[in-house]
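Beneath this line is the structure, given in structure tokens, with notes to follow.
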Amino acid sequence: HLSLRRQRQMCIRDSVGGARKRRRSSASVVSMVAEMRAEESPEKKRQMALFIVATLLQREAVELLVPAQAAMVLPPMYFVSGPTGLNDFVQGWDDGDLSQAMWYIGMDLGVETRIFGATLLVLWRVYPEFSPARILDGLLTRHFVAMLLLMFGAWPVFLDLFTKIVVPD
């Protein structure tokens with residue numbers, strides 16, 4: 001296995017003739033795979049494959065984190081809001097509404113967990129030389145502070161905007 005530092009460097013930069021240049025980022029995984037197939041250099045193909053794996057893992061991790069965060073945010077909003085409606089999003093809900101919302105979030109979390117697990121299995125099978133767990137660990141470690149700040153910044157903003165759009169005064 002490559003060191004985590006080397007994997008990060010390969011994901012971000014290409015070494016060409018001793019000079020380093022930024023890797024061109026593709027918008028979709030499909031276009032990245034097409035670029036990789038057209039590439040002739042085995043080392044560059046390997047770097048592109050690592051970038052694709054990292055992109056897929058990061059997307060799947062986000063798909064797993066969002067319902068988990070929602071499951072952590074909704075109950076406190078409901079119980080703190082109370083009948084006076086301190087939060088428009090859950091105002092007027094009864095225990096059944098919260099239970100139903102949590103049930104849907106739980107189903108989503110279950111589906112996303114299975115998809116994440118299947119993605120890991122496929123990646124281990126397709127790219128045995130890469131360690132999806134180490135790549136994901138590196139991505140989360142590297143971007144943990146940004147993700148944490150966005151989580152605590154995005155939820156309040158999203159909920160405020162959502163309540164103004166969906167639940168007008």
Side-chain angles (χ1 to χ4, degrees), residues 1-16 20-77 89 101-163 165-166:
H1 292 284
L2 293 171
S3 73
L4 187 58
R5 184 176 190 171
R6 182 68 183 133
Q7 286 179 356
R8 283 190 207 144
Q9 288 172 345
M10 288 172 55
C11 280
I12 297 171
R13 297 180 178 164
D14 294 333
S15 295
V16 179
R20 292 186 174 197
K21 66 177 187 175
R22 275 306 236 172
R23 219 185 96 50
R24 187 179 67 214
S25 176
S26 296
S28 74
V29 172
V30 174
S31 63
M32 286 188 278
V33 170
E35 282 181 36
M36 186 178 76
R37 287 185 178 165
E39 184 58 48
E40 293 187 20
S41 165
E43 180 62 20
K44 193 153 184 169
K45 275 188 178 185
R46 189 173 188 294
Q47 290 173 1
M48 292 174 86
L50 183 60
F51 186 79
I52 291 167
V53 168
T55 301
L56 287 172
L57 286 172
Q58 193 167 15
R59 287 180 183 180
E60 289 304 322
V62 168
E63 290 288 334
L64 193 60
L65 289 173
V66 169
Q69 289 175 0
M72 291 186 295
V73 169
L74 270 181
M77 282 176 36
F89 184 72
M102 293 305 290
W103 175 253
Y104 288 133
I105 290 172
M107 287 189 318
D108 184 34
L109 192 55
V111 169
E112 294 300 341
T113 301
R114 285 181 177 81
I115 291 171
F116 183 73
T119 301
L120 288 177
L121 290 174
V122 168
L123 290 175
W124 271 314
R125 186 92 166 133
V126 173
Y127 295 111
E129 69 271 19
F130 299 142
S131 170
R134 287 184 64 192
I135 294 169
L136 189 56
D137 180 52
L139 288 169
L140 292 176
T141 301
R142 184 172 185 186
H143 302 293
F144 181 75
V145 173
M147 290 172 73
L148 199 62
L149 290 173
L150 283 171
M151 178 178 73
F152 286 112
W155 273 105
V157 170
F158 167 74
L159 291 173
D160 184 51
L161 289 174
F162 184 77
T163 57
I165 294 170
V166 176

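When a residue number appears, it is its place in the shown sequence, counting from 1. Computed from a prediction, not measured in an experiment: that's the story for all the values here.
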Taking all atoms of both residues into account, what is the closest heavy-atom pair of [X] and [Y], and its distance?
X    : Y    : value
M102 : A71  : CE-O, 3.5 Å
A70  : P75  : O-CD, 4.4 Å
P132 : W124 : CD-NE1, 2.9 Å
T113 : L109 : OG1-O, 2.7 Å
E112 : L64  : C-CD1, 3.9 Å

What distance do [X] atom [atom1] and [Y] atom [atom2] have between them, rounded to the nearest 0.5 Å?
X    : Y    : atom1 : atom2 : value
I135 : L140 : CD1   : CG    : 12.0 Å
Q58  : L139 : CD    : CG    : 5.0 Å
I52  : K45  : CD1   : NZ    : 11.0 Å
L74  : I105 : CG    : CD1   : 4.5 Å
I115 : L120 : CD1   : CG    : 12.5 Å
E129 : L50  : CD    : CG    : 9.0 Å

| Less than 4.5 Å apart, any side-chain heavy atom of M107 and any of V111? | no
| task | Would you mind telling me which of L56, L57, T55 makes a side-chain contact (heavy atoms from CB on, under 4.5 Å) with V53? | result | L57
| message | One pair to check against side chain to side chain contact (heavy atoms under 4.5 Å, CB included): R46 and F130. What are the steps and the verdict? | response | CA-CA 10 Å; R46 189 173 188 294; F130 299 142; 3.7 Å; yes
